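Below you'll find the structure, written out as structure tokens, and then a few comments.
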Amino acid sequence: MKNVYDPQEIEARWQGFWEEHRTFRAPNPGEPDFDADQPKYYVLDMFPYPSGAGLHVGHPMGYIGSDIVTRKKRMEGFNVLHPMGYDAFGLPAEQYAIQTGQHPAKTTEVNVATYRRQLKLIGLSYDWSREFATSTPDYYRWTQWIFARLYDRGLAYQTEVPVWWCEGLKTVLSNEEVIGGRSERGDHPCVRRPLKQWMLKITAYADRLLDDLGDVDWPESVKTMQREWIGRSEGAEIEFAIADHEGETLKVFTTRPDTLYGATFMVVAPEHPLVAALVTDEQSKEVEAYVQGAAVKSDLERTDLAKDKTGVFLGAYGLNPMLDAGDPEARVPIYVADYVLMGYGTGAIMAVPAHDERDFEYAQKFGLPIRPVVRPVDGDASSEGCTSNDGVSVNSPAWDGMPTEKAKPRSIAVLEKRGCGAGKTTYRLRDWLFSRQRYWGEPFPVLHHADGSTSRVPDEALPVELPEMQDFAPPEDGSPPLSKATDWVNTTHPSTDEPVLRDTDTMPGWAGSCWYYLRFMDAHNDQEPFSHDAVRYWQNVDLYIGGTEHAVLHLLYARFWHKVLYDEGLVPTKEPFQKLFNQGMLTAYAYKDPTGRLVPVDEVEFDGDTAKSGGQELEQVIAKMSKSLRNVVNPDEVCKEYGVDTFRLYEMFMGPLSDSKPWNPRDVPGCRRFLDRVWRIFVDEDGTDPVRPQFAQADAPPSALEGDTLEVERALNRCLKRVDDAFKHFNFNTAIAAFMSFLNEAKPREAITRDQAERFVRALSPFAPHVSEELWSRLGHDESVARAPWPEVREEFLVEDQFELVVQILGKVRGRAQASKEASKDDLEEIARAAVAEKLDGREIVKTIVVPGRLVNFVVK
RNA sequence: GGGGAAGUGGCGGAAUCGGUAGACGCAUCGGACUUAAAAUCCGAAGGGCCGUAGGCCCGUGGGGGUUCGAGUCCCCCCUUCCCUACCA
């Protein structure tokens with residue numbers, strides 16, 4: 001038997017073993033080896049988009065963390081579902097395909113193979129039998145099927161909407177994919193255009209998406225982001241009549257109906273339908289130019305930091321419904337300005353410059369009157385400046401003297417009575433723009449009839465497969481690539497044989513990830529998306545691990561679909577992801593020369609601790625891994641040089657899973673040294689026995705432990721306790737530190753018994769599974785350590801009878817003494833006094849604080 | 001502008017409750033082994049001061065406060081990172 005620690009050999013062999021024995025397969029209800037008494041636990045990683053670059057060391061951080069949890073849960077007797085797949089539809093594959101002429105199905109396949117190889121290399125204990133990619137017809141058939149459910153419920157509709165059109169990508173993008181007027185992917189400029197698009201009515205679920213956040217165990221920061229994204233705000237809609245336009249009214253939304261008397265002008269968005277009707281001849285030229293400008297050129301400026309308010313007077317006047325039409329104060333000018341957005345509320349506002357910062361700015365710039373109608377609780381209304389704080393209403397006859405929280409409902413009641421307004425809740429959340437004019441996505445299972453009506457493809461005719469196309473580049477006119485597949489587009493209705501046209505849009509990249517966690521429960525079902533039995537057993541995801549970048553979009557979309565499926569009676573739970581954990585970002589070191597230039601890592605020379613380049617000393621800073629800095633680390637190389645187990649340990653040893661932290665290549669060997677030491681404790685590298693003789697025989701029962709072996713037992717239990725604790729907060733760095741400490745403490749090595757060694761290996765196995773399997777097997781076990789029981793902490797060995805008593809004078813440590821855990825407060829004080837006797841000499845003790853088991857503090861004069 | 005997270009040695013980080021700051025690891029230095037080196041093993045080490053044993057002072061971004069005692073709690077400020085951006 002080869003006795004030198006050889007990670008390459010051990011790791012390849014055990015990965016082969018796991019594959020051969022299907023060690024990590026999770027049986028489903030109905031399968032022969034399914035045990036209904038075993039509790040379930042579902043640990044899910046946010047599955048990757050398989051890019052051409054493969055994994056870098058940042059990606060597997062969360063995967064390793066979840067794998068450790070998974071492996072421990074398995075050892076604790078849970079039936080653990082831990083699958084992996086690929087989010088394989090999307091823009092980058094298609095862009096790459098267009099550039100290289102390769103079909104995206106082909107490049108996706110190649111990329112998936114790379115990801116699979118790398119994921120397997122890391123020894124992640126997925127149930128690979130459940131693996132799938134969202135771009136295969138077997139999967140997207142059911143994505144289309146779920147879309148059909150949304151369609152049937154009226155939650156999917158087509159409408160002409162002004163959408164972000166990206167000329168560079170030749171597609172529409174959702175609001176979320178456009179940042180500052182440029183595409184998130186590729187950074188191309190975008191413009192707004194009216195186009196017919198598929199929308200999903202996520203707004204119908206706004207309240208439930210908001211309220212049910214109370215039921216999930218998620219980081220507060222993510223919940224907050226979702227709440228703000230949904231952005232529920234309560235207020236009122238108020239109708240303003242328009243002077244000289246009989247019958248025409250302008251409806252506004254406000255959260256401060258109590259400030260209605262302070263409205264001194266109104267503003268409508270440039271896209272507001274009434275702009276054309278209200279503008280006077282005199283103003284028409286200027287208004288037209290402004291509206292044009294807002295639509296075309298100002299995409300950047302409108303969202304830009306340039307908060308300088310612009311706008312144009314329409315020439316028309318609104319009439320404040322609370323004032324007599326003849327009152328000159330009732331007549332308020334109406335402006336068109338781009339700080340009001342068509343997509344929110346009614347696209348029109350009443351402007352109350354005394355109590356709204358934005359209106360105040362506008363009023364200042366255009367010299368409009370400012371009329372305060374709220375005074376601070378303890379002061380007078382100031383005629384200058386602006387405050388949006390609550391206070392007490394003034395100059396508001398119908399609710400004068402009322403505090404803001406009372407004035408709001410009161411004003412709504414008054415408006416309702418007069419028939420010119422009503423309470424109203426609006427949301428920042430918009431309906432979800434769900435179509436893309438692209439090739440590489442799920443086709444919509446929808447047929448267009450000659451009379452302009454639509455129907456959906458019957459369920460039994462799914463999937464609607466993507467047609468094979470050679471040229472899938474978007475046509476110049478902006479029509480979808482699928483429109484070029486004329487044989488595919490022109491078809492007949494499966495039931496009626498009527499000639500119909502297929503819908504030529506495809507679904508956005510988010511679609512496939514909306515329900516993949518459900519498909520994993522029953523990944524190869526060809527009758528339904530997932531069986532009732534499977535989802536009844538697996539329920540939902542117990543632990544979902546991924547990065548914060550999905551805090552809003554993916555998690556909100558998936559929750560939305562889940563709730564629709566809940567309403568369909570297809571899932572038993574209201575929420576898909578019970579506990580969410582965000583791993584931190586992996587950064588890297590970068591080096592700055594004295595001029596502040598970042599120096600690529602391969603140009604840096606290390607002289608001990610100081611980094612240099614061309615004789616200049618460099619400053620070490622933390623930066624993202626990037627190609628340009630050449631500081632991207634590939635897991636393949638790390639695994640090759642040090643071994644997979646070392647790689648896994650280092651990824652976890654860097655710090656808490658939730659923290660962002662820098663990869664330091666110089667720290668990696670420390671983890672390898674630890675594994676070398678573990679190996680040598682078990683195995684005599686110069687010998688030929690599988691393990692050292694002391695581990696080859698059975699031990700005395702733990703109750704008979706004494707001497708050094710007893711000390712080892714204590715150290716082991718301290719270690720196991722700290723390892724258990726690490727799972728509470730996912731700070732596995734402390735677990736690994738505990739293993740290292742145990743090694744430092746367990747001396748002499750000969751005192752370690754076989755039983756202790758076995759428990760150590762079992763505890764180590766989720767972290768360093770390959771070397772643990774090898775040692776476990778060398779200890780004489782035929783079965784994988786993956787199913788061995790998790791070692792329990794034996795509390796009786798955590799109890800220490802002695803401790804080091806700290807003696808303080810005025811809160812500063814002035815001495816130490818050994819004391820018994822049993823000692824009374826008086827005893828401890830006595831011991832402490834003796835320990836610092838000469839320092840207390842001549843000083844008067846005013847007070848003594850005794851903390852049993854810890855310290856004594858003398859307060860002296 | 002708004003929201004969130006964080007700031008501890010040369011570096012990554014540790015410190016359930018307010019109770020020995022710096023565990024564990026890296027880098028560094030010293031010793032053992034070796035012809036030598038590597039590897040390994042043992043040991044030192046926050047900073048400053050007092051010739052030493054030992055002791056004293058300072059020290060968790062800065063400044064105040066509460067407390068016998070603060071990395072931890074409260075107030076003010078600074079810095080970094082992430083998210084968000086006229087949502088009426």
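Note that the structure is predicted; figures quoted are calculated from it, not measured. We name chains A, B, ... by the order of the sequence lines, and we start the count at 1 in each one.
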Interatomic spacing from CZ in A:Phe760 to SG in A:Cys719 - rounded to 0.5 Å: 6.0 Å
A:Ile752 CD1 to A:Arg692 CZ distance, which is reported to the nearest 0.5 Å: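 Interatomic distance, A:Ile752 CD1 to A:Arg692 CZ, rounded to 0.5 Å: 10.0 Å.
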Any side-chain heavy atom of A:Val275 within less than 4.5 Å of one from A:Pro270? no
Spacing of the [atom1] atoms in [M] and [N] (rounded, Å):
| N | M | atom1 | value |
| --- | --- | --- | --- |
| B:rA23 | B:rA45 | C1' | 15 Å |
| B:rG54 | B:rU60 | C1' | 27 Å |
| B:rA5 | B:rC56 | C1' | 40 Å |
| B:rA14 | B:rC24 | C1' | 7 Å |

What contact category does A:Asn733 fall into here, base, sugar-phosphate, or nothing, at under 4.0 angstrom with non-hydrogen atoms?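 Sugar-phosphate contact only - A:Asn733 comes under 4.0 Å of backbone atoms but never of a base.
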Contact class for A:Glu549 (heavy atom, under 4.0 Å): base, sugar-phosphate, or nothing?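 The residue A:Glu549 makes no contact with any strand.
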Checking A:Gln226 side chain against A:Ala551 main chain: does a donor-acceptor pair fall under 3.5 Å? yes
Taking ring-ring contact (aromatic ring centres under 6.0 Å, His included) as the test, write out the residues that go with A:Phe647, two or more places apart. none
Non-neighbouring partners of A:Tyr5 that pass ring-ring contact (aromatic ring centres under 6.0 Å, His included), sequence neighbours left out: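 Partners of A:Tyr5 under the ring-ring contact (aromatic ring centres under 6.0 Å, His included) test: A:Trp679.
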Does the side chain of A:Thr203 come under 3.5 Å of the side chain of A:Asp431 through a donor N or O and an acceptor N or O? yes
Does either side chain, that of A:Tyr261 or that of A:Ser393, offer a donor lying less than 3.5 Å from an acceptor on the other one? no
If you take the centroid of each ring, where Trp contributes its six-membered ring, are A:Phe265 and A:Phe366 closer together than 6.0 Å? no
Which of residues 739-746 of chain A sit near RNA chain B, with a heavy atom under 4.0 Å from it?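 Only A:Met740, A:Ser741, A:Asn744 qualify.
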Fill in the dot-bracket string of RNA chain B, one character per base: . for unpaired, | for a pair to another strand, ( ) or [ ] for pairs within the strand, taking Watson-Crick or G-U pairs under 3.5 Å. (((((((..(((......[....))).(((((.......))))).(((((...)))))..(((((..]....))))))))))))....
B:rC86, B:rA88, B:rA23: which one has an atom nearest the side-chain heavy atoms of A:Ala737? B:rA23
Identify every side-chain donor-acceptor pair in residues 649-658 of chain A under 3.5 Å, counting partners at least two apart or on other chains, and give the distances.
unit_1   : atom_1 : unit_2   : atom_2 : d
A:Tyr650 : OH     : A:Asn664 : N      : 3.0
A:Tyr650 : OH     : A:Asn664 : O      : 3.4
A:Glu651 : OE1    : A:Met61  : N      : 3.4

Working for ring-ring contact (aromatic ring centres under 6.0 Å, His included), residues A:Phe732 and A:Phe727: CA-CA 7 Å; A:Phe732 297 126; A:Phe727 281 83; 5.0 Å; yes
Check the phosphate of B:rC56 against A:Arg814, side-chain N and O only, distance under 4.0 Å to OP1 or OP2. Yes or no? yes
Does A:Lys661 place a side-chain N or O at less than 4.0 Å from the phosphate oxygens OP1/OP2 of B:rG12?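 For A:Lys661, the contact criterion (side-chain N or O under 4.0 Å from OP1 or OP2 of B:rG12) is not met.
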Within 90° of 0 counts as syn, otherwise anti: where does B:rC17 fall?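 B:rC17: syn.
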Can you build the contact string for nucleotides 39-45 of chain B? Use B for base contact, S for sugar-phosphate-only contact, and - for no protein heavy atom under 4.0 Å. -SSS---
